[in-house]
Amino acid sequence: MSDVFVRVALDHPLPTLFDYRCDIEPPPVPGMLVSVPFGKRDTVGLVCEVSDRSDVPSDRLRAVNAACTACPPLSAAWLKLAAFAADYYQRGIGEVALPGLPQALRDATRWARLLAPEERYRLMPAGRDALPDALPARASALRRLAGVLAEAGSLSAADARALHLKAVATLDAWLAEGWVERDVIEAADVRAAASDAPPADAPPATLPTLTDEQTAAVEAIRDADGFVPFLLHGVTGSGKTEVYLRALAGLLAADPRAQALVLVPEINLTPQFEAAFRARFAALDAGAIVTLHSGLAEGERARHWFAAHTGRARIVLGTRLAVLASLPKLAIIVVDEEHDPAYKQQEGLRYSARDLAIYRAKQLGIPVVLGSATPSLESWWQADQGRYTRLTLSRRAVADAVLPAIKLIDLEEEHRRGRASIDGLSGPLIAALKSRLERGEQSLVFLNRRGYAPVLSCDACGWVAGCPRCSAYVVLHKPERAMRCHHCGWESRIPRACPDCGNVDIAPLGRGTQRVEETLAEVVPGARVLRIDADSTRRKGSAQALFSDVHAGEVDILVGTQMIAKGHDFQRVSLVGVVNADTALFSHDFRASERLFAQLMQVSGRAGRAGLPGEVLVQTRYPRHALYHALARHDYVGFAKSQLGERRDAHLPPFVYQALLRAEGRTLEAALAFLQQAAAQLSTIPAAERVSVYDAVPLTIVKVMHVHRAQLLIESASRGALQATLHAWQPMLRTLKGVLRWNLEVDPLDI
Ligand code: ADP
Ligand code: ZN
Ligand code: ZN
């Protein structure tokens, strides 16, 4: 018998594979998971290569403990995707491949149970009625179990155990009362994902007749032969979703095993999309459409992942993490709202799901559709160059629906004419809100700042409430009666008087969503005001419930952050008010204008979608600013052209490629010293001759949680030179000391 060696990727920052001897029969194949000893522990790794030799001396080689035979191996194409992402983003393959796998796969002690039948407890109507009264108020663990069960409808024994240790015993007691029922699902079914989703509604009797532009787009995608990247530029409400649905229908019908991956930027958008896809693909059974995002319970996410991996799921709908799902028969990828910064992961493996989607499509030779009303300048530039195929939807799809009229309210002018604003809301905006209320139409007020006020300060001595751990002000949260740091989470009570001089007249400066909500209730009497932001939707499922209230017409004025701007198809919103957008005009971040323009176009796009004439009022001190002019004319194309001109002149992306080295130290000096040494190393790397190196600088919020942060930007007109530099630099960086942490980010979005 010849020797077998495997090269295994582990979730470890070293970008190497680890060699092991392998005596198990039959020997594992690439793509399989194995349990291996690592240091003093056992860990789970991914077999990348199998060989009959190893360069590691045999006395230093350890042996594989076991292989996971219950999970079919990951495909060669998937391994290649993981290897590419690891290489491009300068991480280890294991750091890319392993974190996205279901927990049950990453724990070898659970492998045996992968094939064991799964027990699920289902809440019965009797239980729904009886449980709230039957549980003592102080039995918080029981109440939590009942709450989760009530929200999800059913719960697997494994998920229940994860809640607390005795949960299964409790559920068995409830079973005896007739409050829950227990289903036993055979292993094959568990892995092939019986979805918990209710069966879809009947399919619509008639599909909408496509507009000519939609027809052209659908045909182009359907006729795509091999890898074709499409940039679907469609104004808000132009029916991009309908284009995705038709294109998918064509491809899925053509091949009964084909799979589609649809990415959305936000968890909150998945229910709306899932409903649309279930309704349209009602002929597929419920398990053939699955979602993948971080909001799923562990067991659910595992089942959905397996459904994708085994080919049972035909449509996978998910947030950025879904781009790394295993999809053996992937035939098309859709990236909706492709410009959204949420596609960029901001920690760990700092990848762009949009960019990986392009790579994946190219690797597989399949079409990829990037959709947006305001494409990223990167994608727009690719289309300008002819590398992406542009598809345009220039009009709204619903008959009679036109783009809203966008008007600027000049705050200086209002002031000069003696027309006072009430706590930041101008006269014309208040009047417009009142007229919508009278007509029974909905309004939306957008501002990108949550909390009550961004600062609390003392007029008498100039004291400002700051975070003791960060170089940042703390935000006043009135309903919670707290001051909270948005960078580290530090919280304290609101002081009654200035801690420095004792003045009791300390006042909030500026305004956030809570304050606007409060003001709206006063200035538009009788209006039902609802606030949606990260604070009001902290609880799982609550965002979904709040958005349903809006759709059901139970809200007159919706106030919120960018959460309300994205993608929602509100039918009765006819007015959008924009408050406080000006600050982004003067940001030091060269992407701030692009982002502001996209946000304002998106939020404006929520008005007048179903044929009600829509109006957008933007309060500003700079009504002559070019950005607002382009916005008022709905002129994305003109805006993109001028921005790209500026970027080219200033040598900024997409005309150069960038990478960022960040360091975190106990002092700012330590962080900066580290970066200066790192910069000096670059002069020894040949490829770095084509790379420019900037000075090391502190981050805008330099201190977070007592840690000081600084960064060093490098860039090159050649992606290849930048990549070669990073590869040579990494091992040198590992030899440097003196900081707590450092990381490299490729194609950073926030600089
Ligand atoms: P977008 O994503 O481009 O902003 P949506 O896909 O949300 O737009 O579509 C906007 C509205 O237009 C939706 O209510 C959708 O049902 C409707 N719609 C889409 N295509 C058509 C069509 N061809 N005819 C009539 N209504 C359509
Ligand atoms: Zn004071
Ligand atoms: Zn803080």
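When a ligand or atom number is given, it counts from 1 through the structure's own listing order. Side chains are part of it too, since the values below use all heavy atoms of this structure and drop only hydrogens, waters and symmetry mates.
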Test your reading of the structure: does [X] have an N or O sitting under 3.5 Å from an N or O of ligand 1?
X	result
Thr236	no
Thr241	yes
Pro208	no
Gly239	yes

Part of Gln214 with heavy atoms under 4.0 Å of ligand 1, whether side chain, backbone, both or neither: side chain
Atom 7 (O) of ligand 1 - nearest protein heavy atom and its distance: Arg609 NH2, 3.0 Å
Nearest protein heavy atom with distance in Å, relative to atom 15 (C) of ligand 1: Asp569 OD2, 4.4 Å
N, O or S of Cys485 under 2.8 Å from the Zn ion (ligand 3): yes
Backbone or side-chain N/O/S of His487 under 2.8 Å of the Zn ion (ligand 3): no
Donor on one side chain, acceptor on other, [X] and [Y], under 3.5 Å:
X	Y	result
Ser238	Arg395	no
Arg609	Thr236	no
Arg450	Ser536	no

Tell me, do [X] and [Y] make a side-chain contact under 4.5 Å, heavy atoms counted?
X	Y	answer
Leu661	Phe674	yes
Val475	Tyr452	no
Pro341	Arg595	yes
Asp635	Val637	yes

Close-contact set for ligand 1 against [X] heavy atoms, below 4.0 Å:
X	answer
Val398	11 (C), 12 (O), 17 (C), 26 (N)
Glu242	20 (N)
Gly237	1 (P), 3 (O), 4 (O), 8 (O), 10 (C)
Thr209	22 (C), 23 (N), 24 (N)
Leu210	23 (N)

Steps toward side chain to side chain donor-acceptor pair (under 3.5 Å) verdict (Gln382, Arg387): CA-CA 5 Å; Gln382 294 285 355; Arg387 284 197 283 264; 2.6 Å; yes
Steps toward salt bridge (Lys or Arg N to Asp or Glu O under 4.0 Å) verdict (Glu745, Lys344): CA-CA 11 Å; Glu745 178 168 3; Lys344 183 82 203 266; 2.7 Å; yes
Ring centres under 6.0 angstrom apart (His233, His339): no
Aromatic ring proximity, centroids under 6.0 angstrom, Tyr388 and Trp380: no
Cys498 SG and Cys461 SG subtending at the Zn ion (ligand 2) (10° steps): 100°
The Zn ion (ligand 2): angle it makes with SG (Cys501) and SG (Cys458), nearest 10 degrees: 110°
Angular separation of SG (Cys488) and SG (Cys467) seen from the Zn ion (ligand 3), to 10°: 110°
Proximity flag Val235 to ligand 1, non-hydrogen atoms under 4.0 Å: yes
Min heavy-atom dist Ser238 to ligand 1 below 4.0 Å: yes
Asp533 CG to Thr561 OG1 distance, which is reported to the nearest 0.5 Å: 5.5 Å
Selection from Ala401, Ala397, Gly371, Ala373 by shortest heavy-atom distance to atom 25 (C) of ligand 1: Ala397
Sub-4.0 Å protein heavy atom near atom 2 (O) of ligand 1: yes
The single option from Thr209, Leu232, Leu393, Leu391 passing side chain to side chain contact (heavy atoms under 4.5 Å, CB included) against Gln214: Leu393
